[in-house]
Q: 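Sharing a structure, written as structure tokens. Questions coming.
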Amino acid sequence: MRLDKLLANMGFGSRKEVRQLLKKGAIQVNSVPVKDPALHVDPEADEVTILGERVIYREFIYLMLHKPQGVISATEDNRDRTVIDLLDDEYRHFEPFPVGRLDKDTEGLLLITNDGKLAHELLSPKKEVPKTYFAHIDGVVTDEDIERFAEGVTLDDGYFTKPGKLRILKSADISEIELTITEGKFHQVKRMFEAVGKRVIYLKRLTMGTLKLDDGLKLGEYRELTADELALLQNEKAELD
């Protein structure tokens, strides 16, 4: 990889700014000062330093975000704040994107990465990656609803969903439930409950595949995935292939 591209990718400025650092002799490769921006380096083998600080190269980032209401699952938007706007510059320069989407008024787990291959595998309908949601429902949820969801329900556009696993936590005028589905149709959870005559008034995603929302993350907070969390996701992808 070209030296200027590597350093720009790692957030040390634009290629123009990196070239200025090179001219000043601030950059060394394997303890040798270099000024050629086109020098090819091996990020895994060569030691690159800027003003004596070693550059640790990585290609991908993997972030768990506790998405709050009011922000949209997009990389940019002219009107609304996006989940990418919640990230610090040290992550934004990797040009990450949300894996799938949560509605503007939905909270919960959202994976953000720049690993397109992993994202594709997790989102592919053929892979049937399970996602679990917690919700408040306007209406009394019953065992009959559990049975209907287990068979699949017909949405307003005529689409017949794959089976969903519904668990009732509280059955009352405002019920509390958990629902696990393996699809990601537009507003699917809301539309599934509409199909049985009820309305979702609060929705939060708890899990996506093996990834579980960290209870310690407040709304709007995020962290990098642990090595174990990433390994489980990647193993899940391998098993799905």
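Computed over heavy atoms, backbone and side chain alike; hydrogens, waters and symmetry mates excluded. Numbering starts at 1 and runs along the sequence shown.
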Q: With K204 as the cation and Y133 as the aromatic partner, state whether NZ or CZ is under 6.0 Å from the six-membered ring centre and within 45° of the axis.
A: no
Q: Any chain of hydrophobic side-chain contacts (each under 4.5 Å) joining V34 to Y57?
A: yes
Q: In the hydrophobic clustering that connects Ile, Leu, Val, Met, Phe, Trp and Tyr at side-chain heavy-atom distances below 4.5 Å, which members other than L169 occupy its cluster, ordered by chain and number?
A: F134, Y202, L206
Q: How far apart are the C-alpha atoms of N9 and L6, what are their side-chain angles, what is the distance that settles it, and do they pass the side-chain contact (heavy atoms from CB on, under 4.5 Å) test?
A: CA-CA 5 Å; N9 286 354; L6 181 149; 5.8 Å; no
Q: Are Y222 and L230 connected into the same hydrophobic cluster when the rule is that any two of I, L, V, M, F, W, Y join if their side-chain heavy atoms are below 4.5 Å apart?
A: no
Q: Could you pull out the closest heavy-atom pair between L213 and L65, with the gap in Å?
A: CD1-O, 4.3 Å
Q: Looking at every non-hydrogen atom in both residues, tell me the closest pair between E121 and K127 and how far apart they are.
A: OE1-CE, 2.9 Å
Q: Is any side-chain heavy atom of L102 closer than 4.5 Å to a side-chain heavy atom of L109?
A: no
Q: State whether the number of non-hydrogen atoms from other residues, nucleotides or ligands found under 6.0 Å of E95 atom CD is greater than 12.
A: no
Q: Can you confirm whether L123 sits close enough to M208 that some side-chain heavy atom of one is under 4.5 Å from a side-chain heavy atom of the other?
A: yes
Q: Could you check E44, E90, E224 and say which one makes a salt bridge (charged side-chain N to carboxylate O under 4.0 Å, His left out) with R58?
A: E224
Q: Going by an N to O cut-off under 4.0 Å, is there a salt bridge joining D4 and K16?
A: no
Q: Quick check for you: to the nearest 0.5 Å, what is the distance between E59 atom CD and M10 atom CE?
A: 11.0 Å
Q: Which residue is it: T132, L110, V189? I am looking for the one with a side chain to side chain contact (heavy atoms under 4.5 Å, CB included) to R205.
A: L110
Q: Does either side chain, that of N114 or that of Y91, offer a donor lying less than 3.5 Å from an acceptor on the other one?
A: no
Q: Strictly distance-based, threshold 3.5 Å: is any side-chain N or O of D85 a donor or acceptor partner for the main-chain N or O of R81?
A: no
Q: Tell me whether E147 contacts the main-chain N or O of E144 through its side chain, where contact means a donor paired with an acceptor under 3.5 Å.
A: no
Q: Is the centre of the F186 ring less than 6.0 Å from the centre of the Y159 ring?
A: no
Q: Are more than 12 heavy atoms, taken from residues, nucleotides or ligands other than D215, located less than 6.0 Å from that residue's CG atom?
A: no
Q: Looking at R167, I want to see if its CZ is surrounded by more than 12 non-hydrogen atoms of other residues, nucleotides or ligands under 6.0 Å.
A: no
Q: With clusters defined by side-chain heavy atoms of hydrophobic residues (ILVMFWY) lying less than 4.5 Å apart, directly or transitively, does I168 cluster with L203?
A: yes
Q: Working to the nearest 0.5 Å, report the span between CD of E178 and OG1 of T207.
A: 8.5 Å
Q: Considering residues, nucleotides and ligands other than D173, do more than 12 of their heavy atoms fall under 6.0 Å from its CG?
A: no
Q: Identify the two heavy atoms, one from V41 and one from P43, that lie closest to each other, and give their separation to 0.1 Å.
A: O-CD, 3.4 Å
Q: Taking side chain as C-beta onward, heavy atoms only, is E107 less than 4.5 Å from L219?
A: yes
Q: Might you work through the side-chain contact (heavy atoms from CB on, under 4.5 Å) test for R19 and K35, ending with a clear yes or no?
A: CA-CA 8 Å; R19 292 189 187 102; K35 295 188 176 182; over 6 Å; no
Q: Quick test of your reading of the model: are R199 and E194 salt-bridged, counting only N-O distances below 4.0 Å?
A: no
Q: Are L179 and M192 close enough that some pair of their side-chain heavy atoms sits under 4.5 Å apart?
A: yes
Q: As an exercise, state the distance from CD1 of I84 to CD of E76, rounded to the nearest 0.5 Å.
A: 10.0 Å
Q: Taking the side chain as every heavy atom from C-beta outward, state whether D80 and V71 have any atom pair closer than 4.5 Å.
A: no
Q: What are the two closest non-hydrogen atoms of V141 and S175, and how far apart are they?
A: N-OG, 3.1 Å
Q: Under a 4.5 Å cut-off applied to non-hydrogen side-chain atoms, are L111 and L211 in contact?
A: yes
Q: Is there a path of hydrophobic side-chain contacts, each under 4.5 Å between heavy atoms, that joins I56 and F12?
A: no
Q: If you define the side chain from C-beta out and look only at heavy atoms, does anything of V153 sit under 4.5 Å from F160?
A: no
Q: How long is the gap from CG on L166 to CZ on F149, to the nearest 0.5 Å?
A: 5.5 Å
Q: Looking at E53 and I50, would you say the former's side chain and the latter's main chain have a donor-acceptor pair under 3.5 Å?
A: no
Q: Checking R223 against E229 for the side-chain contact (heavy atoms from CB on, under 4.5 Å) test, could you report, in this order, the C-alpha distance in whole Å, the side-chain angles of both residues, the deciding distance, and whether it holds?
A: CA-CA 12 Å; R223 65 164 172 79; E229 288 170 336; 2.8 Å; yes
Q: What pair of heavy atoms forms the shortest contact from A74 to P98, and how long is it?
A: N-CG, 3.9 Å
Q: Looking at K165 and I146, would you say the former's side chain and the latter's main chain have a donor-acceptor pair under 3.5 Å?
A: no
Q: Side-chain heavy atoms under 4.5 angstrom apart, residues restricted to Ile, Leu, Val, Met, Phe, Trp, Tyr: same cluster for I137 and V140?
A: no
Q: Step by step, would you call T161 with Q188 a side-chain contact (heavy atoms from CB on, under 4.5 Å)?
A: CA-CA 9 Å; T161 70; Q188 180 162 342; 4.1 Å; yes
Q: Would you check if V83 and I112 make a side-chain contact, meaning some heavy-atom pair closer than 4.5 Å?
A: yes
Q: Rounded to the nearest 0.5 Å, what separation is found between the CG atom of L155 and the CD atom of E183?
A: 8.0 Å
Q: Could you tell me whether the side chain of T113 and the main chain of I61 form a donor-acceptor pair under 3.5 Å?
A: yes
Q: What's the spacing between L7 CG and L22 CG if we round to 0.5 Å?
A: 7.0 Å
Q: Quick one: does N30's side chain have a donor or acceptor within less than 3.5 Å of a partner on E47's backbone?
A: yes
Q: So which of R191, K185, K190 actually passes salt bridge (charged side-chain N to carboxylate O under 4.0 Å, His left out) with D103?
A: K190
Q: Verify whether one side chain among D214 and H66 offers a donor that lies under 3.5 Å from an acceptor in the other.
A: no
Q: NZ of K162: more than 12 outside heavy atoms within 6.0 angstrom?
A: yes
Q: Nearest heavy-atom pair of L21 and I27: which atoms, and what distance?
A: CB-CD1, 3.9 Å
